[in-house]
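Protein chains get the first letters and strands the later ones, always in sequence-line order, with residue 1 at the start of each.
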Amino acid sequence: VHCIAVDINPAACHATSHTCLLNNVQVDVVCGDLLSWMRHPKSTCVNIKNVSQGNSYGLIDLLLFNPPYVRGPNGECAIVPMVLKSDTIENSTENQLQSKIADAAWLGGGPDGVEVLKKALHQAADFLSERGVFYVLMIDYNYAALVREEINARCEQDVNNFGVINENNSKDYVLLTTFGDGTAKKPLACRRILSRQVPGEKLSVYRVYRPHI
Amino acid sequence: LLVVELGSGAGLLSAAVAKSL
């Protein structure tokens with residue numbers, strides 16, 4: 001098993017490294033923006049046995065994400081961390097930059113709080129292995145936004161194709177068809193597996209996977 | 001098996017997963 005922990009905030013990366021050391025476990029820590037640091041499956045020679053059919057899969061077997069799901073102003077964007085040489089900038093500038101990066105972890109939610117999650121779903125469609133599974137935490141309005149956007153996308157493509165959005169009209173399942181790199185869309189099934197009601201909102205864990213499994 | 005946690009924060013989940021696997 002190879003475990004990799006990713007965070008956009010350098011201070012969080014240090015904390016992860018420390019926690020894993022204290023627990024005597026081997027985890028590699030990457031300071032990066034979601035999976036943008038990973039080589040795309042199509043550019044590697046690994047797992048491309050089905051690439052001729054447009055099916056290239058990634059290497060990630062288990063992906064975990066507790067995304068920033070709070071609603072934010074429309075157009076608010078999370079910043080991407082920059083690579084700077086620490087010996088060339090003043091401490092105050094570095095502290096300001098660290099602060100902006102830390103804040104960025106909570107920004108970019110958009111009016112439905114799903115902008116960061118949607119970016120992760122695009123990457124999951126590309127980087128999950130054929131039988132890979134993505135466990136993600138969502139608040140109820142995040143899931144509603146994903147379903148609404150899926151319906152809108154189907155509406156633009158084919159108005160008669162509504163039958164497979166929900167399985168048996170279940171509120172706990174949706175087939176997402178708009179995520180991936182664009183050249184070969186790979187549908188993702190999204191199923192609610194755990195829920196907890198907290199004051200004012202419902203938090204749920206969803207299992208996201210390739211529907212042919 | 002490749003396991004990736006996005007937004008690991010303090011690393012509590014990463015450490016727990018690594019320990020359980």
Side-chain angles (χ1 to χ4, degrees), chain A residues 1-9 11-38 46 58-69 78 102 105-106 116-117 119-120 123-124 127-129 131-137, chain B:
Chain A
V1 177
H2 186 176
C3 293
I4 301 175
V6 184
D7 205 290
I8 199 168
N9 182 345
C13 292
H14 285 298
T16 296
S17 185
H18 189 59
T19 303
C20 293
L21 196 64
L22 288 175
N23 285 275
N24 197 29
V25 289
Q26 173 81 43
V27 176
D28 287 332
V29 182
V30 172
C31 184
D33 180 19
L34 303 179
L35 296 174
S36 56
W37 50 276
M38 270 190 125
V46 185
L59 296 172
I60 299 175
D61 299 298
L62 178 58
L63 184 62
L64 309 164
F65 192 24
N66 176 9
Y69 41 66
W106 299 100
V116 177
L117 171 62
K119 191 172 173 184
Q123 295 179 338
F127 289 99
L128 277 180
S129 66
R131 294 181 175 275
V133 181
F134 177 23
Y135 290 101
V136 60
L137 189 70
Chain B
L1 195 73
L2 179 58
V3 180
V4 178
E5 185 197 359
L6 301 174
S8 64
L12 297 176
L13 181 57
S14 287
V17 169
K19 212 158 194 170
S20 67
L21 294 173

Contacts of type ring-ring contact (aromatic ring centres under 6.0 Å, His included), residue Phe65(A), not counting sequence neighbours: none
Using a cut-off of under 4.5 Å on heavy-atom pairs, state which of Ala18(B), Ala16(B), Ser14(B) scores highest against chain A. Ala18(B)
Quick one: which of Asn24(A), Val25(A), Val27(A) gives a side-chain contact (heavy atoms from CB on, under 4.5 Å) with Lys19(B)? Val25(A)
Evaluation steps, side chain to side chain contact (heavy atoms under 4.5 Å, CB included), between Leu13(B) and Asn66(A): CA-CA 10 Å; Leu13(B) 181 57; Asn66(A) 176 9; over 6 Å; no
With a 4.5 angstrom heavy-atom cut-off, could you sort out which part of Val6(A) is near chain B: side chain, backbone, both or neither? both
Could you look at Val1(A) and say if it's the side chain, the backbone, both or neither that has a heavy atom under 4.5 Å from chain B? both
If you take all heavy atoms of Gly9(B) and Asp7(A), which pair is closest and at what distance? N-OD2, 2.7 Å
On a heavy-atom basis, which atom in Thr19(A) and which in Ala10(B) lie closest, and how many Å separate them? OG1-O, 2.6 Å
Pick from Leu34(A), Ile4(A), Leu63(A), Asn23(A) with the largest number of heavy-atom pairs that fall under 4.5 Å of chain B: Ile4(A)
About how many Å separate NZ of Lys119(A) and CG of Leu6(B), when rounded to the nearest 0.5 Å? 11.0 Å
Which residues pass the side chain to side chain donor-acceptor pair (under 3.5 Å) test with His2(A), not counting sequence neighbours? Asp28(A)
Worked verdict on Ser8(B) versus Thr16(A) for side-chain hydrogen bond (donor to acceptor under 3.5 Å, both in side chains): CA-CA 7 Å; Ser8(B) 64; Thr16(A) 296; 2.9 Å; yes
